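Not measured: the values here are computed from a predicted model. Proteins get letters first, then strands, A, B, ... in listed order; numbering begins at 1 in each.
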Number of protein chains: 2
Amino acid sequence: MSDKPISLKVLAAHLDLTVPTVSRALNNYADISPATRERVKRAADELGYRANQNARRLSLGTSETIGYLMPRFRSSIAQPFVAQLLQGLGEALSKRNWDLLVTHAESSKDEMAQIERIVRSGRVGGLVISRPLKNDPRIRLMQDLKCPFVVHGRTGASEGYAWYDVDGEDAFITAVNHLVGLAHSRIAFIGAPLQYQFAQDRLNGYQIAINANGLDVDPDLTQIADFSDDGGEIAMNMLLDLPQPPTAVVCVSDTMAFGAMAAIRSRGLRPGVEVSVIGYDGLKFGIHSNPPLTTMAQPQAHAGRRLGDMLLAIIDGDDPAKHQELQRAQLLRRKTDGPFNAAAQTTVSFREEYT
Amino acid sequence: MSDKPISLKVLAAHLDLTVPTVSRALNNYADISPATRERVKRAADELGYRANQNARRLSLGTSETIGYLMPRFRSSIAQPFVAQLLQGLGEALSKRNWDLLVTHAESSKDEMAQIERIVRSGRVGGLVISRPLKNDPRIRLMQDLKCPFVVHGRTGASEGYAWYDVDGEDAFITAVNHLVGLAHSRIAFIGAPLQYQFAQDRLNGYQIAINANGLDVDPDLTQIADFSDDGGEIAMNMLLDLPQPPTAVVCVSDTMAFGAMAAIRSRGLRPGVEVSVIGYDGLKFGIHSNPPLTTMAQPQAHAGRRLGDMLLAIIDGDDPAKHQELQRAQLLRRKTDGPFNAAAQTTVSFREEYT
DNA sequence: AGAAAATCCGAAAGCGGTTTCGGAAAGTTC
DNA sequence: GAACTTTCCGAAACCGCTTTCGGATTTTCT
């Protein structure tokens, strides 16, 4: 191993050729004789030559890099997916030797400035945006900048750009129907702030299924809280304080469901017995919760890979509108979905008097 | 917002100045009059000028980028920290507008090639390496390449390079002492493959504390398994199958502890009653396990930030050996550490006969 | 007022690659 | 053996920005 990275110039001098000739030899140009091409290549990896990427990309006029904006988060429990997503993106990019640039921002305003900077300065040739808001300014910005991008999730108006999403509406219809099948009729919803489109989608699914089954549409049964386990706990406590508490609850995420279960247990009730709980995400960890959490599992494994492939295709000129992929979540039954029974309800009433 | 990013050239033409003059004006050179400097800057952000980074860095001869090698992993539950670490790194870098490049590799061999490529091609000015092996070839490689780096964790011989680590030996001494204080005497260890230095450190701490307290050094009480919840479960089952099973166990990670608890529960025993369990990591999620997991919590929040600051300092010329930071983990008592009692042991024996 | 010192900007070269173009040497055709 | 192709490489220009250097213009000093 050497000290300074060796440049094309020294490689050329070493071979007694000119710089452009060596460059073309390494890039398999047809106007270089096979003999010298081989000679050049051999020398190149004997000396451990690596083209300087800043120079190369400047010349090529491309960054060969895509950017990933890390979702902002407070709760440290909230981001189990980024590692997996980054790995998938990396796999997609590595086929072409593209790089992955990861940035984060403190505030939404910072984030806008960040985006504007990294695309205008030519640092990235495309961006993946995650967890979009209902009406996300980042998408407008990217369109104005004419920079390719894909979205992990969707906004309210999802036409005209590329995205990969899991159908939250469908998932919550499935979840509610499942609970109805277990004879529940007072089914609550614990949600996240509706500025996030995914929160709205899942609420929509909940409402659709409630109506379709002809159940109560009691607005008190819909609780919106902070997107964290603490938020879930607070929301569940609100629900349990209702004159007529629900016998089942669907939660917008597993993390919130864990909080909800804590609230349930703290009142001497048993998740899956007195109160059924269904989460969303399919976190592996749910196996270890108390009791193991029934959840709508999303096929998370390939998201990164798919998003990377889509973005690359768009950068190559594909129409973004052609790349929209909607996956379905599947009910993963563990131990928190139980049948409605009147005896359990007695327990609830008893608890209320007792408190 | 415009179409093509505007270059220094068009900005200069717009101002009726030459390119170098505009460049120096923007970079606050003293030989540019304050008047024109202001004029230039105003025009620059009116037109939304952003220096092309490839060009800038080529000229400057620096990449202004550091790389992060994602740890390879199979189990999707195993990486709760990367998001937090990346965020911390990002914060450290953003003060100087450096970029963060994230790469991953399939195999160790690929990883070595990756490293060699990204540093020789001038893509990164430094690297952060995580979860090192006892004798990690990546460190030798980085030293040979004369490229600045910091390690998240330590290797066996930890002199001469920069690292940030949490003292696993100390943590396991604390954990074992705590259990001894609860009158346990048969204390087991569930570990990960010893090729990882952190696994060795934690085992060392366990052994030191066992000896210091004059307890059994039964080799059967040390179980090494896959670094996952399943691994923890398998290991715990081995321990419970022993003629004389342990009454307490320390686990090398929370994730493995969750698996261990599953094994304990599956035999009708109660973690924290018949068998005490102490994990390591301090995952927030442990609040929701069954029962809530007592653990050695590591101060994870600032790791990324510190690693970033250290690496930047080294790139600036600091001696790497000066930057070695050892943090301590703290016992976080939840519900799985209980006192030894003979009655519980009776239960265990009973269970054995019963099976 | 003339010389010396400051002030301010343009010219030129360079960072390390890539691509276009032209021409010498070699090979082909009659 | 002359004319025509083909093969193969060097010369030159460029990507967009930075830095050194020199010189014209203005200011300051006596």
Whole Å only: how far is the [atom1] atom of [X] from the [atom2] atom of [N]?
| X | N | atom1 | atom2 | answer |
| --- | --- | --- | --- | --- |
| A/Y29 | C/dT20 | OH | P | 6 Å |
| A/R123 | D/dG16 | CZ | C1' | 15 Å |
| B/R37 | C/dT7 | CZ | P | 13 Å |
| B/D16 | C/dC9 | CG | P | 12 Å |
| A/N28 | D/dC8 | CG | P | 14 Å |
| A/R39 | D/dC8 | CZ | P | 14 Å |
| A/L26 | C/dT19 | CG | P | 12 Å |
| A/L8 | D/dC15 | CG | P | 19 Å |

Give a yes or no on whether a salt bridge exists between [X] and [Y], defined as a side-chain N under 4.0 angstrom from a carboxylate O.
| X | Y | answer |
| --- | --- | --- |
| A/D316 | A/R96 | yes |
| B/D309 | B/R305 | yes |
| B/D136 | B/R131 | no |
| B/D16 | B/R39 | no |

OP1 or OP2 of [N] under 4.0 Å from side-chain N/O of [X]:
| X | N | value |
| --- | --- | --- |
| A/T21 | D/dG10 | yes |
| A/T18 | D/dA11 | no |
| B/S33 | C/dC9 | yes |

Under 3.5 Å between N/O atoms: give me all the protein pairs with nucleotides 25-28 of chain D, atom names plus distance.
none

For this session: Establish whether the base of D/dC9 is bridged to the side chain of A/D31 by a donor-acceptor pair shorter than 3.5 Å.
Result: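 Result: at least one qualifying N/O pair found.
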For this session: Mind running a 4.0 Å heavy-atom check of residues 49-66 of chain A against DNA chain D and sending the residues that fall below it, in number order?
Result: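 Close to the strand are A/L58, A/S59.
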For this session: Go through the structure and list residues passing side-chain hydrogen bond (donor to acceptor under 3.5 Å, both in side chains) with A/T18, not counting sequence neighbours.
Result: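 If we apply the side-chain hydrogen bond (donor to acceptor under 3.5 Å, both in side chains) test to A/T18, skipping adjacent residues, the hits are A/T21.
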Exercise. Under 4.5 Å between any side-chain heavy atoms of A/M112 and A/P137, yes or no?
Worked result: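 The answer is yes, as the side chains (C-beta and beyond) meet within the 4.5 Å cut-off.
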Problem set entry | Enclosure of A/R140 CZ (heavy-atom neighbours >12, cutoff 6.0 Å) |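 At most 12 heavy atoms, drawn from other residues, nucleotides or ligands, come within 6.0 Å of this atom.
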Problem set entry | Short side-chain donor-acceptor distance under 3.5 Å, A/H152 and A/D165 |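 Side-chain D/A pair, A/D165 to A/H152: absent.
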Problem set entry | Given DNA chain D, 5'-ward residue of the pair B/S7 and A/R24, judged by closest heavy atom |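 The residue whose closest nucleotide sits nearer the 5' end is A/R24.
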For this session: Between A/S23 and B/P34, just flag the one whose closest nucleotide in DNA chain C comes earlier from the 5' side.
Result: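 Taking each residue's closest nucleotide, the earlier one in sequence belongs to B/P34.
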For this session: Nearest 0.5 Å please: distance from the CZ atom of A/R138 over to the CG atom of A/L145.
Result: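 Result: 14.0 Å between the selected atoms.
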